[in-house]
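What follows is a set of notes on a single structure, which appears directly below.
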Number of protein chains: 2
Amino acid sequence: MHTNEVTIHDIAEILGINSSTVSRALNNSPRVAQKTKDKILKKANELGYQRNDLASNLRKSKTFTLGVIVPRISRHFFSSAIAGIEEAAFKEGYNVIICQSLESLEREQSIINTLVANRVDGVLISISMETENYKHFKGLEQRNIPFVFFDRHCNISKTSKVVIDDFEAAYRATEHLIQQKSTEIAHFSGPQNLEIYKNRFKGYKAALENYKIPFREELVIASSLMEDDGAKNIKKILSLPFQVDGLFCANDVVAIGAIQYLKKIGIKIPEDIAIVGFSNETTSSVIDPALTTIHQSGFKIGQIATNLLLDKISNDDKKQIHETIIVKTNLIERKSSLRIEKHE
Amino acid sequence: MHTNEVTIHDIAEILGINSSTVSRALNNSPRVAQKTKDKILKKANELGYQRNDLASNLRKSKTFTLGVIVPRISRHFFSSAIAGIEEAAFKEGYNVIICQSLESLEREQSIINTLVANRVDGVLISISMETENYKHFKGLEQRNIPFVFFDRHCNISKTSKVVIDDFEAAYRATEHLIQQKSTEIAHFSGPQNLEIYKNRFKGYKAALENYKIPFREELVIASSLMEDDGAKNIKKILSLPFQVDGLFCANDVVAIGAIQYLKKIGIKIPEDIAIVGFSNETTSSVIDPALTTIHQSGFKIGQIATNLLLDKISNDDKKQIHETIIVKTNLIERKSSLRIEKHE
DNA sequence: CGCCAAAATACAATCGATTGTATTTTAATA
DNA sequence: TATTAAAATACAATCGATTGTATTTTGGCG
């Protein structure tokens, strides 16, 4: 017995014509007479024909599909980026396969294998916290599959990326704390194999330096930046022999963890400690006090990265050109850091 | 010129053997001698061979891929459901294509077409707010592609679904408000084409009835349950000629919108109005006062739905059996509704 | 009516892997 | 050594759509 799937051959046989004509008709080729097209289209609808993209893609060696790898889709930044990616891709007739590395290098590698096996036309990647070797990306390169990093990129030379200026944003965030009269400012940083966290740390340090505030090693704590880490880190800070009155966190999640703990033990924000986060998660505007943070438009970053990738895909020359696009961020000032009356 | 893709034929030619043997070796078939397998595997690695799943899937008419359609991945409930789906699918060697309908029926239909064209082995669906006709689901049925609804299901007879008892949960939420001495309880409901919102409304009504509290039409407002709706709806409620002292929202997002507005205009929660939401979004535990809500484990629901689907896929008999699995929920009591001292 | 170019359609190879069947090789036994 | 069953490998069709080339059909014109 046969599967009940309708193919162009079935349609051809029923109509007593050749399957190549059916194929061309369904693709609206000018080589088929309108009368024939009508006949074929009618019959195709009647039979509920639905093209088998596996066959089509195999023959054309083109899938009109992009792979997207993000650490986790539940992060507001990433889900907005995905929204931007989908919009840009959809506009050009591309589909998107969304995958989560869940911060695991192993999963990231395995996802790339799957994407390659499925012959996606290109890949958008924001790397995991564990990602320290880049073999899997080299593999994409060898297979001539274009890819673009966004947000969490890595430091390999020949790639395109869409990022923000982490150094500058972190500098601004720290500067803001200084302007709010913080003098002992702690920093919760992320895994140092990620460029973004390295750069945020550098920005923090540079601001201190510029304002002649001594840098103290023990005020910087690197972690995975989960909510739990917020409480853990802040406890460490509070046990230090000097009073910390400012905190710049490399993401909002860890900042929120810290705020929750500080509230619980009765430390006042921003009076006792002024806090700034990074990313502008949904929660950040809701928490009390609302969290001052760096807003980065995930949607825009996703869109731009996708357009860059699509450009590479359709334009062989551009595959060799490696661009870095920097998207603007802005500091959103909220209660968690505002200790000074604003003057008009 | 040829593409630079390595195929089993290339490997076969180099080694002077037949491609069928290469294929069998790579699939670890007992029909190939170990010595030959070793030779083939070595060469395959050397050349960076990566199977073309398009070809393989086409031949086998099996993709080991599940389609997932959710309204939007940024909702905590859905991203946890996806995590559960991925885990269950991954365990059985299945991949997952995640798609967002963005609450649009048209997109939902188009996604289903794409999934069919890509010959997914099964589909998991949580329908959009606009979904009022079910032709596209019938299409899946005709094509013999098994599918399972989760959370937002629809009322067609021959399907399997994994849901919660919305009626019961809503009853419990409303009852809780009553126990907290609310006597005029408003309800923010969702689109009435969705079963879940119909049932939550029914549960609300049943609780009032049971406690002999008069039901008032004007205290029920249906909307899309976005954050904006929260403020809009609560304004309407406040303009009514009687004092409302309780609010049960069909999701957390609209509840949070309402809370923000109420805080802004100085109405006290829970003293003036006690509020209960539905879904337990991340934000709900962070907002002040923390939101009492119904917790539904997205992860578990996703897992169960996936296992049900995989069962149907691998077990032809089960395709005809239609089950409804009901997953337990629980009420998380937080500050937004607690107006009465707890007794030990 | 016959000729010819253009239009329409048919033929057949192809994409890369899988798999049932046929053939060859191996090795064990008489 | 000859025989033979079992093991290993080769052959060839197939999945369904696409596409370059070949063939047929159409219709316009002298």
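In the text below, chain A, chain B and the rest are named by the order of the sequence lines, each starting its count at 1.
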Reckon [X] touches a base, only the sugar-phosphate, or nothing at all at heavy-atom distances under 4.0 Å?
X: A:Asn57; result: nothing
X: A:Leu26; result: nothing
X: B:Val22; result: nothing
X: A:Asn27; result: sugar-phosphate

Hey, does the side chain of B:Ser23 reach the backbone of B:Ser19 with a donor-acceptor pair shorter than 3.5 angstrom? no
Rounded distance in Å - [atom1] ([X]) to [atom2] ([N]):
X: A:Asp53; N: D:dT18; atom1: CG; atom2: P; answer: 9 Å
X: A:Gln50; N: D:dG16; atom1: CD; atom2: C1'; answer: 13 Å
X: B:Ile11; N: C:dA17; atom1: CD1; atom2: P; answer: 8 Å
X: B:Leu54; N: D:dC15; atom1: CG; atom2: P; answer: 18 Å
X: B:Asp10; N: C:dC15; atom1: CG; atom2: C1'; answer: 13 Å
X: A:Arg51; N: D:dC15; atom1: CZ; atom2: P; answer: 19 Å
X: A:Lys60; N: C:dA13; atom1: NZ; atom2: C1'; answer: 18 Å
X: B:Leu58; N: D:dG16; atom1: CG; atom2: P; answer: 7 Å

With respect to the side chain of [X], which nucleotide from [options] is positioned closest?
X: A:Arg59; options: C:dT9, C:dC15, D:dA10; result: C:dC15
X: B:Ala33; options: C:dA12, C:dG16, D:dT9; result: D:dT9
X: B:Ser23; options: C:dT18, D:dA12, D:dT18; result: C:dT18
X: A:Ser20; options: C:dC11, D:dA17, C:dA17; result: C:dC11

Tell me whether the side-chain N or O atoms of A:Arg31 pair up with the base of C:dT9 as donor and acceptor below 3.5 Å, since no angle test is needed here.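 Yes, a donor-acceptor pair under 3.5 Å.
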Please tell me whether B:Asn57 and B:Thr63 have a donor and an acceptor in their side chains that are separated by less than 3.5 angstrom.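 Per modelled atom types, B:Asn57 and B:Thr63 side chains form no pair under 3.5 Å.
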Side-chain donor-acceptor contact under 3.5 Å, B:Asn27 with B:Ser29: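 B:Ser29 and B:Asn27 do not have a side-chain donor-acceptor pair below 3.5 Å.
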Do NZ/NE/NH1/NH2 and the carboxylate oxygens of B:Arg119 and A:Glu5 come within less than 4.0 Å? yes
If you look only at pairs with a residue in residues 29-47 of chain A, which of them pass as a salt bridge (Lys or Arg N to Asp or Glu O under 4.0 Å), with sequence neighbours excluded? A:Lys43-A:Glu46
In terms of the nearest nucleotide of DNA chain D, which residue is placed more toward the 5' end: B:Arg24 or B:Arg119?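 Here B:Arg24 is the residue nearer the 5' end.
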Would you say B:Asn18 reaches D:dC11's phosphate, i.e. side-chain N/O to OP1/OP2 under 4.0 Å?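 For D:dC11, OP1 or OP2 has a side-chain N or O of B:Asn18 closer than 4.0 Å.
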